[in-house]
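Beneath this line is the structure, given in structure tokens, with notes to follow.
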Amino acid sequence: MIRFGLCCIFVEQPIKFRTATATHLLKKERPEQLEKLSELCLENACSLLAAFKFCAAAGIGCFRINSQILPLKTHPGVGYAVADLPAGRQIIDTFKECGRFLKKNNLRASLHPDQFVVLNSPRAEVVASSIAEIEYQAEVAGWVGADVINIHAGGGYGDKPAALQRFKQGFSRLSEKARKLVTLENDDKTFTPADLLPICVETKIPLVYDVHHHRVLPDDMSIAEATAASLKTWNREPLFHLSSPLNGWGGSQPQQHHDYIDPADFPPEWRGLAITVEVEAKAKELAILRLVADLGLKKTSVTLKNAKHPALKRGCRG
């Protein structure tokens with residue numbers, strides 16, 4: 001069975017995740033900073049529960065949690081421990097409630113740190129901040145039961161073998177808890193599946209195969225070969241990525257994502273697999289449900305336009 005995944009935000013559902021800027025918060029005294037951050041974190045935890053409830057109702061099997069679900073968590077000027085926030089206990093309890101709902105409804109959750117997370121950077125301060133960001137997301141993953149923190153290998157810096165060695169060094173500095181969650185994704189600029197599979201096998205890091213990236217940056221492997229090799233790296237349900245080019249494969253900048261998925265871009269090799277496919281499309285929940293229909297899979301009974309089901313009522317309970 002294929003489980004489709006929704007990435008981070010919605011286009012029609014009134015489920016929002018809030019953030020703040022460090023510039024704004026640095027104008028406040030520390031108690032005011034913590035009060036504001038506490039408010040944002042609790043609201044985001046409640047929104048995550050609503051997101052999970054929507055996915056369960058809509059037949060969407062996976063939700064990618066926004067990397068700033070705890071805004072500015074590791075920022076050097078305003079960073080914080082959740083337990084030190086005024087509503088810290090309630091925030092953690094709400095995330096754990098998300099985890100119970102996830103498990104009860106057979107849903108899956110993942111995280112995908114921002115592009116500034118680069119474990120193979122030649123700059124020590126970038127590696128240190130990247131480790132801190134992954135560790136924070138591992139903490140959230142533990143509360144909600146997410147089993148993937150997906151990252152890219154980083155830059156090539158003119159010497160890809162040396163860059164991959166630095167990645168291994170950075171990866172080794174993570175906690176055991178974080179290392180068990182980290183996955184590696186091929187990208188559309190530097191590292192192909194063929195580049196990453198040896199390091200995935202060596203370090204036991206699962207490969208998140210992004211077929212769009214592979215089409216933009218091909219190697220000697222076919223989609224069928226890359227799919228099969230990627231599947232072998234997983235010790236849990238494999239997770240892949242799917243998207244379509246904004247201007248078509250013959251157009252400019254094929255790396256840009258379309259609002260929807262062209263069903264022709266869904267690899268036939270993936271049919272019948274027990275995998276999660278995160279749909280990276282700008283139309284978000286609309287794109288997933290259209291793809292399900294286009295592929296002739298089971299349709300949802302949820303009407304998306306201004307849907308008013310229990311997941312969307314304010315507050316964390318119910």
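V118 and L181 sit in two unconnected hydrophobic clusters of ILVMFWY residues. Membership requires side-chain heavy atoms under 4.5 Å apart, directly or through other members. With hydrophobic clusters built from ILVMFWY side chains whose heavy atoms lie under 4.5 angstrom apart, L48 shares a cluster with L107. Linking ILVMFWY residues whenever their side-chain heavy atoms come closer than 4.5 Å, directly or via other members, places I2 and L231 in the same cluster. Residues L40 and L85 are members of separate hydrophobic clusters, defined by side-chain heavy-atom contacts under 4.5 angstrom among Ile, Leu, Val, Met, Phe, Trp and Tyr. Both Y136 and L42 belong to a common hydrophobic cluster when Ile, Leu, Val, Met, Phe, Trp and Tyr are linked at side-chain heavy-atom distances under 4.5 angstrom.
For the pair R179 (side chain) and L174 (backbone), a donor-acceptor distance under 3.5 Å is present. In terms of modelled atom types and a separation under 3.5 Å, the side chain of H258 and the main chain of Y260 share a donor-acceptor contact. At distances below 3.5 Å, not a single donor-acceptor pair connects side-chain atoms of R64 with backbone N or O atoms of S110. A donor-acceptor distance shorter than 3.5 angstrom exists from the side chain of N44 to the backbone of I69, with no hydrogens or angles considered.
Legend: residues meeting side chain to side chain contact (heavy atoms under 4.5 Å, CB included) with K28, ordered by chain and number and at least two apart, are H24, L25, E32, Q33. Residues satisfying the ring-ring contact (aromatic ring centres under 6.0 Å, His included) criterion with F266, sequence neighbours excluded, are W270. Shown here are the salt bridge (Lys or Arg N to Asp or Glu O under 4.0 Å) partners of R89, two or more places apart in sequence or in another chain: D93. Checked against salt bridge (Lys or Arg N to Asp or Glu O under 4.0 Å), E29 has no partners two or more places apart in sequence or in another chain. Not counting sequence neighbours, the partners of R108 by the salt bridge (Lys or Arg N to Asp or Glu O under 4.0 Å) test are D147, E237. Scored by the salt bridge (Lys or Arg N to Asp or Glu O under 4.0 Å) test, E39 finds R18, K36 as partners (sequence neighbours excluded). With sequence neighbours excluded, the residues satisfying side chain to side chain contact (heavy atoms under 4.5 Å, CB included) with A153 are L164, L184, F191, L196. Contacts of A194 classified as side chain to side chain contact (heavy atoms under 4.5 Å, CB included), with partners at least two apart in sequence or in another chain: T192, D219, M221. Residues passing the side chain to side chain contact (heavy atoms under 4.5 Å, CB included) test with Q256, sequence neighbours excluded: L246, N247, Q253.
For the atom pair CD1 (I9) and CZ (F17), the distance works out to 9.5 Å, reported to the nearest 0.5 Å. Distance check, rounded to the nearest 0.5 Å: CG of L49 to SG of C98 gives 4.5 Å. To the nearest 0.5 angstrom, E285 atom CD is 6.5 Å from L6 atom CG. With values rounded to the nearest 0.5 angstrom, H152 atom NE2 is found 9.5 Å from T183 atom OG1. In this structure, CD1 on I261 lies 9.0 Å from CD1 on I288, to the nearest 0.5 angstrom. To the nearest 0.5 Å, atoms CG (L242) and CZ (F4) are separated by 7.5 Å.
At a threshold of 4.5 Å between non-hydrogen side-chain atoms, the residues K189 and L217 do not count as touching. Counting heavy atoms from C-beta outward, K16 and E43 have side chains that stay 4.5 Å or more apart. At a threshold of 4.5 Å between non-hydrogen side-chain atoms, the residues S222 and E225 count as touching. Side-chain atoms of L70 and V140, non-hydrogen and from C-beta on, do get closer than 4.5 Å to each other. Counting heavy atoms from C-beta on, the side chains of V126 and F116 never come closer than 4.5 Å. Two residues are said to be in side-chain contact when any heavy atoms from C-beta on lie closer than 4.5 Å; F171 and N120 fail this criterion. When side chains are defined from C-beta on, R215 counts as touching P267, because their heavy atoms get closer than 4.5 Å. V279 has its side chain out of reach of S243: every pair of non-hydrogen atoms, C-beta onward, lies at least 4.5 Å apart.
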TODO: Could you walk me through whether E269 and T227 pass side chain to side chain donor-acceptor pair (under 3.5 Å), step by step?
DONE: CA-CA 8 Å; E269 295 87 352; T227 295; 5.6 Å; no
Task: Working for side chain to side chain contact (heavy atoms under 4.5 Å, CB included), residues I15 and F54 - done: CA-CA 9 Å; I15 302 172; F54 174 81; 4.1 Å; yes
Task: Verdict with supporting geometry, E135 and S175, side chain to side chain donor-acceptor pair (under 3.5 Å) - done: CA-CA 7 Å; E135 294 291 351; S175 67; 2.8 Å; yes
Open item on the list: Quick one, I151 with F167, criterion side chain to side chain contact (heavy atoms under 4.5 Å, CB included). Give me CA distance, side-chain angles, the key distance, then yes/no.
Closed with: CA-CA 11 Å; I151 61 175; F167 172 86; 3.7 Å; yes
TODO: Evaluate the criterion side chain to side chain contact (heavy atoms under 4.5 Å, CB included) for residue pair V182 and V148; output intermediate values, then yes/no.
DONE: CA-CA 6 Å; V182 165; V148 165; over 6 Å; no
- [ ] Show the numbers, then the answer: is there a side chain to side chain donor-acceptor pair (under 3.5 Å) between Q255 and D188?
- [x] CA-CA 7 Å; Q255 70 274 18; D188 57 8; 6.0 Å; no
Open item on the list: With side chain to side chain contact (heavy atoms under 4.5 Å, CB included) as the criterion, how do L111 and N150 come out once you've worked through the C-alpha distance, each side chain's angles and the decisive distance to 0.1 Å?
Closed with: CA-CA 6 Å; L111 295 111; N150 184 45; over 6 Å; no
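When the shell of 6.0 Å around CG of D220 is examined, it contains 12 or fewer heavy atoms from other residues, nucleotides or ligands. Around CZ of R290, the count of heavy atoms belonging to other residues, nucleotides or ligands within 6.0 Å does not exceed 12. The 12-atom threshold is exceeded at NZ of K160, counting heavy atoms of other residues, nucleotides or ligands nearer than 6.0 Å.
No side-chain donor-acceptor contact under 3.5 Å links Q137 and S67. A donor-acceptor contact closer than 3.5 angstrom is absent between the side chains of Q68 and T19.
Residues A226 and S230 come closest through the heavy atom pair O-OG, 2.7 Å. Summarising the geometry of P71 relative to L37, their closest heavy-atom pair is O-CD2, 3.6 Å, with the distance given to 0.1 Å.
Sorted by first and then second residue, the pairs that involve residues 55-96 and meet ring-ring contact (aromatic ring centres under 6.0 Å, His included), not counting sequence neighbours, are F10-F63, F95-W143. Counting only residues at least two apart or on different chains, the salt bridge (charged side-chain N to carboxylate O under 4.0 Å, His left out) pairs with a member in residues 119-132 are R123-E125.
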Without placing hydrogens or testing angles, list every side-chain donor-acceptor pair under 3.5 Å for residues 197-210, not counting sequence neighbours.
from	atom 1	to	atom 2	distance (Å)
E202	OE1	K168	NZ	3.2
E202	OE2	K168	NZ	2.8
T203	OG1	I199	O	2.6
Y209	OH	H214	ND1	2.6
D210	OD1	H212	N	3.0
D210	OD1	H213	N	2.8
D210	OD2	H213	ND1	3.3

